[in-house]
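First the proteins, then the strands, lettered A, B, ... as listed; each starts at 1.
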Number of protein chains: 2
Amino acid sequence: MPPLDQPLSVLKGVPTTITAMSELVPEPRQKPVVPMKPMGINTSLLGYIGIDTIIEQMRKKTMKTGFDFNIMVVGQSGLGKSTLVNTLFKSQVSRKSSGWNREEKIPKTVEIKAIGHVIEEGGVKMKLTVIDTPGFGDQINNENCWEPIEKYINEQYEKFLKEEVNIARKKRIPDTRVHCCLYFISPTGHSLRPLDLEFMKHLSKVVNIIPVIAKADTMTLEEKTEFKQRVRKELEVNGIEFYPQKEFDEDLEDKTENDKIRQESMPFAVVGSDKEYQVNGKRVLGRKTPWGIIEVENLNHCEFALLRDFVIRTHLQDLKEVTHNIHYETYRAKRLNDNGGLPPTPATPDSATGLSLQHVAPPRWE
Amino acid sequence: MPPLDQPLSVLKGVPTTITAMSELVPEPRQKPVVPMKPMGINTSLLGYIGIDTIIEQMRKKTMKTGFDFNIMVVGQSGLGKSTLVNTLFKSQVSRKSSGWNREEKIPKTVEIKAIGHVIEEGGVKMKLTVIDTPGFGDQINNENCWEPIEKYINEQYEKFLKEEVNIARKKRIPDTRVHCCLYFISPTGHSLRPLDLEFMKHLSKVVNIIPVIAKADTMTLEEKTEFKQRVRKELEVNGIEFYPQKEFDEDLEDKTENDKIRQESMPFAVVGSDKEYQVNGKRVLGRKTPWGIIEVENLNHCEFALLRDFVIRTHLQDLKEVTHNIHYETYRAKRLNDNGGLPPTPATPDSATGLSLQHVAPPRWE
């Protein structure tokens, strides 16, 4: 035991690592830096600085501000798009554009409908926008029916860009960009349709596409396994990259996790339901048939829970970041290049790209 | 108990609040939305969506990427600037530009020296840059000696802006902007010096200034209380706003917390030390005098712990955000306005503003 009141050390043994040091400006009268002692473990309470409190500080900020998440659903009518989104968010966030009222007519062209909600859970507010695309794939001639969808997606990038280049810009730019596009594949058991390939080919470069096999309860286990393999193969043959794209894996951990999703889970074979049933004393979301209840969150029955975990619980932040860092940046770079390196004029709608923003009203969050 | 296998409800009683709903596109065939039932408490496990996992997802991302924090120290030589920064970060992050070697000469003009470190704690990496300003206030004539400091701060904004307007820009723009400037006031017990007022008047609009009374162990409790009051009064009379600025409080919680800091804590009267002593069986950082040991982290002795908590544990993220959202935005807006609304040319150093970036080498993080 050292005598009291004597200097013990100069900052040694603190549970903190200093791993690098560099000088930004050459210093003529340079002195050797006092080297840090190697990291000690619990040597002293004095050692704690509080760097990791940044996480808690960020949490507090997020709790106050909330966050935006915009999800789009695309696929022919009758594939259960609305029901699936309602199942994902456990609430009536999407109206059934057709089917809800059986007398409603299928629109004659592709429409884009966005509905906003604020959902709060554990004190965290999500400003959710569900973008539906009724009429897609429902026409006699479905040529170019991906175009209004691509246009909508690009318009959101354009809006964001115009806000970003404004001289006096908002502290938080309202984010209407589509972070995730669920593409619904018909559970034919055969192969992808030309329209599926056409859509994904055009859109996979502008938005995060997650393909799902809709109404997977119509297939047996073997059919499902085979169909999933075939779809993956067809996408690969056609050079279609879906989310999470290989090239954007940031490290080995990402790669390992995402490879599993790319090679096994995709496309998620799902069943949705907004009805609850009692099974073994528990209330579950499911579909009742004469031969049993399909429990949507039971992984033995379908892959809904996998999709939900993927979209909401593990990759939500990444979906937002890839949208911002990759898709939006790609749009922005092209837009600036086309404009001779200059940003678009912030105030007026732009005519150079043929984009018109008038028909989309700004979101109203009440 | 309801009979088995019967639909119980349509998504009722989930522990999630939907607080708002709005439509972005007017829908001609609008149907009334099924209203959500009021939030239930633990009514069903089915209810959990996972929105709050965004916090964990953000934590994981921050753990991977780390974050930048750049702190500047300004004040006359001999006020213990280096020691205080070393005490804040519990390591030798700042060399003593003078005093370390007593034979070193004070520079003839104000120099700007930046040293970078990576400090890791609890798995979170902070890329810390300490920017020292030797020579400040040490000349016979100290006129305009705030100018090189303002120039350095603006150069970092300019660098960031040029990266931001680049067509092909980096995914994460390296952040060299000064997030926090500790201004060291001499513990005279009298009043602020003209140079103190001059510096803070010019710089408080471009950077987050936190005034501290250096070497507070030279004052008695009464002297300290009186001096703090006088300094606050003088700053107020001279219209100098230090961080956290009143106008940037975002809500009542911010206001309550920050008012306390503005009206009681500021300017923090601090003592720094990088020597450890044994006091009551514990090792503490302190200064040994014949009349006792000054424990720097003991709130009965000085306000170092208050400053440390404020800068690192509660306001670090906010310092970064105010720098980005307020000071950088102010610089950017002025810069674009001066340039006729156009961004600066990204590739070449800009001559229009008289800024030269050549003398600051890019940070090297090894």
Exercise: identify the closest heavy-atom pair between A/Gln57 and B/Ile312: NE2-O, 2.8 Å
Shortest non-hydrogen contact from A/Glu121 toward B/Asp52: O-CB, 3.5 Å
Greatest number of heavy atom pairs closer than 4.5 Å to chain A - which of B/Arg172, B/His324, B/Lys320, B/Lys334: B/Arg172
Chain A interface, residue from B/Glu321, B/Arg308, B/Glu56 that has the most non-hydrogen pairs under 4.5 Å: B/Glu321
[X] versus [Y]: any side-chain heavy-atom pair under 4.5 Å?
X        : Y        : answer
B/Lys64  : A/Asp251 : yes
B/Leu316 : A/Thr53  : no
B/Glu253 : A/Lys60  : yes
B/Ile51  : A/Phe67  : yes

Spacing of B/Ile54 atom CD1 and A/Thr62 atom OG1 [to the nearest 0.5 Å]: 8.0 Å
Distance in Å, B/Ile49 CD1 paired with A/Arg313 CZ, rounded so as to fall on 0.5 Å steps: 9.0 Å
At a 4.5 Å cut-off on heavy atoms, which part of [X] comes close to chain B: side chain, backbone, both, or neither?
X        : value
A/Thr314 : backbone
A/Leu342 : side chain
A/His315 : backbone

Side-chain donor or acceptor of A/Lys90 paired with backbone N/O of B/Tyr48 under 3.5 Å: yes
Note: A/Glu250-B/Lys171 ion pair, threshold 4.0 Å (strictly below): yes
Side chain to side chain contact (heavy atoms under 4.5 Å, CB included) against B/Arg332, all qualifying residues, sequence neighbours excluded: A/Arg169, B/Leu161, B/Glu164, B/Tyr328, B/Glu329, B/Leu336
With sequence neighbours excluded, residues passing side chain to side chain donor-acceptor pair (under 3.5 Å) with B/Asp318: A/Lys61, B/Tyr243
